[in-house]
Amino acid sequence: MKDDKARIVLGMSGGVDSSVAALLLKEQGYDVLAVYMKNWEEEDDEGVCTSTEDYEDVRRVSDALGIPYYTVNFAREYRERVFSYFLEEYEAGRTPNPDVLCNCEIKFRAFLDFAMGLEAAALATGHYARLEKQGEGARLLRAVDLTKDQTYFLAGLTQAQLQRAMFPIGGLYKKEVRRLAEAAGLTTARKKDSTGICFIGERNFKRFLMQYLPAQPGDMIDLNGKVIGRHDGLMYYTLGQRRGLGIGGRAEGSGESWFVIGKDMERNLLIVQQGEQEELYSLGLGAEKVSFIAGQPPAASFACTAKFRYRQSDQAVRVTMHGAGCTIDFDRPQRAVTPGQWVVLYDGDVCLGGGPIDETRPLKPIRIAGRAQ
RNA sequence: UGGGGUGUCGCCAAGCGGUAAGGCACGGGACUUUGACUCCCGCAUCCGUAGGUUCGACUCCUGCCACCCCAG
């Protein structure tokens, strides 16, 4: 009779979310196989390999639930398909979002293939997102707990991938997830949420990147072309960034903070500005490759809402398709929209898809006094 | 070395006899499966230095030092 149960492969990270996903699947009578992915081989800043602890938790939770657990290693795939892109983007002066790609390439490709190889009916994860599987296809919906919604990271998935996905905790609030874990006596019930790049973890960003990309220090200049300070390498900064510039207390200044408003890759200059000025905002953006979960855009031109970074509130926009890409016009100017980051589109609670931002249409173009363009 | 001015946290800057504002930077934390933004907390027992006056001085006086400006 065990054979009657549908087999589900669950990606377990050792956190509460996937622990509760396991609990729910088990309660629903599935034949659950917990699989821990180890996709990064290095120790963290403190020289600690947290994956050991995480795997311990996977073991404890699995044992408590009476489900088998395994481990797989996609470190090579991760490096080849996600990390290399991550580095290339930084080298080009952009600010990539490796975790969106990680879902497309690792969790729902390499790992999904692995799960299918085990004859699983579906691949489940502890993402906060909901799926609506209808006859025509699967729709990706925001999580019930909007403060934890992770559809932003799943926006690049295809129908084929979502058809085989399951997000058991998408209908729960984080509080409920912890309560369920607590009630079931799972050791991860009070474990702190993990942050940082997926599989790599929380790092001192500058030190981490330094290990992979050569640093080229240069000048920081303001809109007058005046040298305000030195930067450690353009890739260490992102648009709209304030901390880490080390600029403070200029006699002629306004006393406000300084922000990164641009990069001149040619001259290796970081362009900074004091205060929240118009140069920090944009009216629209262009994306060369946008993917839609439904397989195609809802129309050649349509209105919807969008997020330009994870955890940002939705903004009203209009999307106009141009082949595989699109241009997006914002109803209101948006702050620090950054190339490399993903723009993710929504129609109400439905995540339509998204793609990496390639360029922006500034509210006020950056013009450095005394320089051509 | 004739005259004038200034020396307070890494930077900018309040204070003008009553026992060191604020901003920026920086550090820590919160938030967060990117990188940011944001928010919270911290951050000069000491005011160029040595004395003096005073119950009490960063604030008054004197010497010295440093820097700046104007002079020739």
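Residue numbers begin at 1 in each chain, while the letters A, B, ... track the order of the sequences.
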Does any nucleotide pair with G27(B) by Watson-Crick or G-U wobble geometry, both distances under 3.5 Å, and what is it? C41(B)
Report, one line per pair, each donor and acceptor closer than 3.5 Å where one atom sits in a side chain of residues 348-359 of chain A; sequence neighbours left out.
residue: D349(A); atom: OD1; partner: R142(A); partner atom: NE; Å: 3.4
residue: D358(A); atom: OD1; partner: R94(A); partner atom: NH1; Å: 3.1
residue: D358(A); atom: OD1; partner: R94(A); partner atom: NH2; Å: 3.4
residue: D358(A); atom: OD2; partner: E288(A); partner atom: N; Å: 2.6

Check every strand shown and say whether D17(A) touches a base, only sugar-phosphate, or nothing at a heavy-atom separation below 4.0 Å. nothing
Length of the line joining R243(A):CZ and C39(B):P, which is rounded to integer Å: 11 Å
Distance, rounded to the nearest Å, where Q241(A) contributes CD and U34(B) contributes P: 15 Å
Who pairs with U1(B) - Watson-Crick or G-U, where each distance is under 3.5 Å: none
So, is R242(A) close to the A25(B) phosphate, meaning a side-chain N or O under 4.0 Å from OP1 or OP2? yes
Categorize G275(A) for me: base, sugar-phosphate, or nothing, with a 4.0 angstrom heavy-atom threshold over every strand shown. nothing
In whole Å, I'd like the distance from the CH2 atom of W258(A) to the C1' atom of C37(B). 19 Å
So what does Q312(A) hit on the nucleic acid, given a heavy-atom distance under 4.0 Å: a base, only sugar-phosphate, or nothing? nothing
Classify the nucleic acid contact of Y237(A) as base, sugar-phosphate or nothing, counting any heavy atom under 4.0 Å across all strands shown. nothing
N/O (side chain, T95(A)) to phosphate O (OP1/OP2, A36(B)) under 4.0 Å: no
Applying the Watson-Crick and G-U wobble criteria at under 3.5 Å, what pairs with U62(B)? Answer none if nothing qualifies. A50(B)
Solution key, residues 316-326 of chain A side-chain donor-acceptor pairs under 3.5 Å, sequence neighbours excluded:
residue: R318(A); atom: NH1; partner: S301(A); partner atom: OG; Å: 2.9
residue: H322(A); atom: NE2; partner: T327(A); partner atom: OG1; Å: 3.2

Q150(A) has an atom CD; how far is it from atom P of U32(B), in whole Å? 11 Å
Quick one: label K148(A) by what it contacts on the DNA or RNA (base, sugar-phosphate, nothing), any heavy atom closer than 4.0 Å. sugar-phosphate
